[in-house]
Protein chains: 2
Amino acid sequence: MSESEGPARRVGRPRTAVLSHERILEAAFELADANGPEFSLASLARRLGVQPSALHHYFPTKAALIAAMRGQITLRLGTHGFDEQPWHEAILPWARASIEAFGRHPGLIAALATLPIDGEPESIADYERIVAAFERDGYPSDLIVPALVALESFIIGSALDGLTPPDNLRPVHEPERAPALLRTEAAARAAASAAGITPAQRTFEFGLRALVAGLRAIGETGGVPGGADPASASSREISG
Amino acid sequence: MSESEGPARRVGRPRTAVLSHERILEAAFELADANGPEFSLASLARRLGVQPSALHHYFPTKAALIAAMRGQITLRLGTHGFDEQPWHEAILPWARASIEAFGRHPGLIAALATLPIDGEPESIADYERIVAAFERDGYPSDLIVPALVALESFIIGSALDGLTPPDNLRPVHEPERAPALLRTEAAARAAASAAGITPAQRTFEFGLRALVAGLRAIGETGGVPGGADPASASSREISG
DNA sequence: ACCTGAACACCGTTCAAGT
DNA sequence: ACCTGAACACCGTTCAAGT
């Protein structure tokens, strides 16, 4: 609603530009913060008091705008001490900051998740910092990028999970057909409530620690428990 | 293209019904298999040789149709031996079948990811079977649902990752600014190639094993390495 | 009950025209 | 260069009308 009651502009180039990359990005974040999972150029144009077609002068497509938004989000993530701390410690606040950033923009999560990185400078710089920490700590070279991508996949999936209703897995319709689910869902909810956080937050923290612990264990032994190399083992089981 | 060249139907109720829930679902899966990440009721109606509005007679909304599709997918997942094997073994083929099913329907992944379960019978039955195996194996009650949701988040996130181009993280534009990423991405790609699988498949298998190993370790000790309880620890760190 | 066809309120994107 | 306004090709959904 920031500019919607402006005087109707005439056709032709305005004497001073009404739009800019910065103004558009600012309004885009306001829109993504305020609304639910709907994020359209049309609503963004309304908020800015311009016609939708004016936006294409600054961002050629909607995907380009969303890519720029992800660049901003990545910039704000910060460095989180990957230079001073081991990867498995610095990665925890980085992961928490990431899902918090996604959670602040529910209308963007699905779009961000499906958008390729495609050489985006901010994301590349972020990844480079993290990958360098893995290398410095002696993590196996061919497992560093998989470890990072697995973490990102977990974070994106958890962000999407955070969009679902809190009692999503509660068997409300036929509880007698899912007694174990009923019991354990209630136990998890009670534990989250006692800790003063939402079930989704508790699940994320638990899963994050589990994943990091597992990545450490496999990275240090050079393979999965049992001695098999993960790559060759996966090739056997996936192709079989 | 199955029915697009039918004779134009007249208005009014046809003598025998042209649509049914089964026919719609079948065509919907064909559409989701064939196309990329676009899945619309309009294109589905075209494929079925009907007007889009006819579909609402069987599924009130697009979300209802997608929910029914997820039910079908879950049914086809099968049981995967949760009754005979420990959870941490049965969960592996279950997770692989899940991501394979998602991968077969790229146009659905984002929609499925954001759709609440909302008491869907097939999903509830699937979860009940898995949760019961966790309970039987002595996993802490309040961590069972979080463990399952964390696994699902990883699977969904990995499915979305599978939609991105294979060289997504490759720093093509300014490789000199991301030497570690360039090195490790190449190493991961070479390892996947040597194993005869895609980088995304190798990442999934690696992350899956790491996550399951971590979930086992935390579940058996009753807390994260270091002795802190995950719930209270997360409450400290999230609220702080 | 089951479909067509028109209508409504949206989308993203392109492009000529105006200043 | 920077915007409007019209146009295009889409969406999902509702609803009257026809059989």
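Naming convention: chains lettered A, B, ... in sequence-line order (proteins, then strands); numbering from 1 in each chain.
Below 30°, between 30° and 60°, or above 60°: for A:F134 and A:W87 the angle between ring planes is below 30°, a parallel geometry. Relative orientation of the B:F154 and B:F204 rings is parallel, given thresholds of 30° and 60° on the angle between their planes.
Checked by atom type and distance alone, the side chain of A:S193 never pairs as donor or acceptor with a backbone atom of A:R189 at under 3.5 Å. Proximity of a side-chain donor or acceptor of B:R202 to a complementary backbone N or O of B:A195 within less than 3.5 Å is not detected. No side-chain donor-acceptor contact under 3.5 Å links B:E38 to the backbone of B:G107.
Residue A:L169 holds its CG atom at 9.5 Å from OG1 of A:T203, rounded to the nearest 0.5 Å.
On the nucleic acid side, DNA chain C has its first and last nucleotide under 4.0 Å of a heavy atom of chain B at C:dA1 to C:dG5, going 5' to 3'.
Counting heavy atoms of neighbouring residues, nucleotides and ligands inside a 6.0 Å radius, atom CZ of A:R76 exceeds 12 of them.
Within the nucleic acid shown, B:A54 comes within 4.0 Å of at least one base atom, counting heavy atoms only. Using a 4.0 Å heavy-atom criterion, one finds that A:F59 contacts no nucleic acid atom at all. Residue-level contact check: A:T61 touches the backbone only, with heavy atoms under 4.0 Å from sugar-phosphate atoms and none from bases. Using a 4.0 Å heavy-atom distance criterion, A:R10 is classed as a sugar-phosphate-only contact.
Secondary-structure annotation of DNA chain D gives the stems C:4-8 with D:12-16, C:12-16 with D:4-8, with a stem taken as at least 3 successive Watson-Crick or G-U pairs whose two distances both fall under 3.5 Å.
Sequence order on DNA chain D of the closest nucleotides to A:H57 and B:K62 puts A:H57 first from the 5' end. For B:L41 and B:V11, each mapped to the nucleotide of DNA chain D holding its nearest heavy atom, the one lying further toward the 5' end belongs to B:L41.
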**Message:** Walk me through whether B:R70 and B:E122 qualify under salt bridge (Lys or Arg N to Asp or Glu O under 4.0 Å).
**Reply:** CA-CA 8 Å; B:R70 181 168 57 188; B:E122 293 89 350; over 6 Å; no
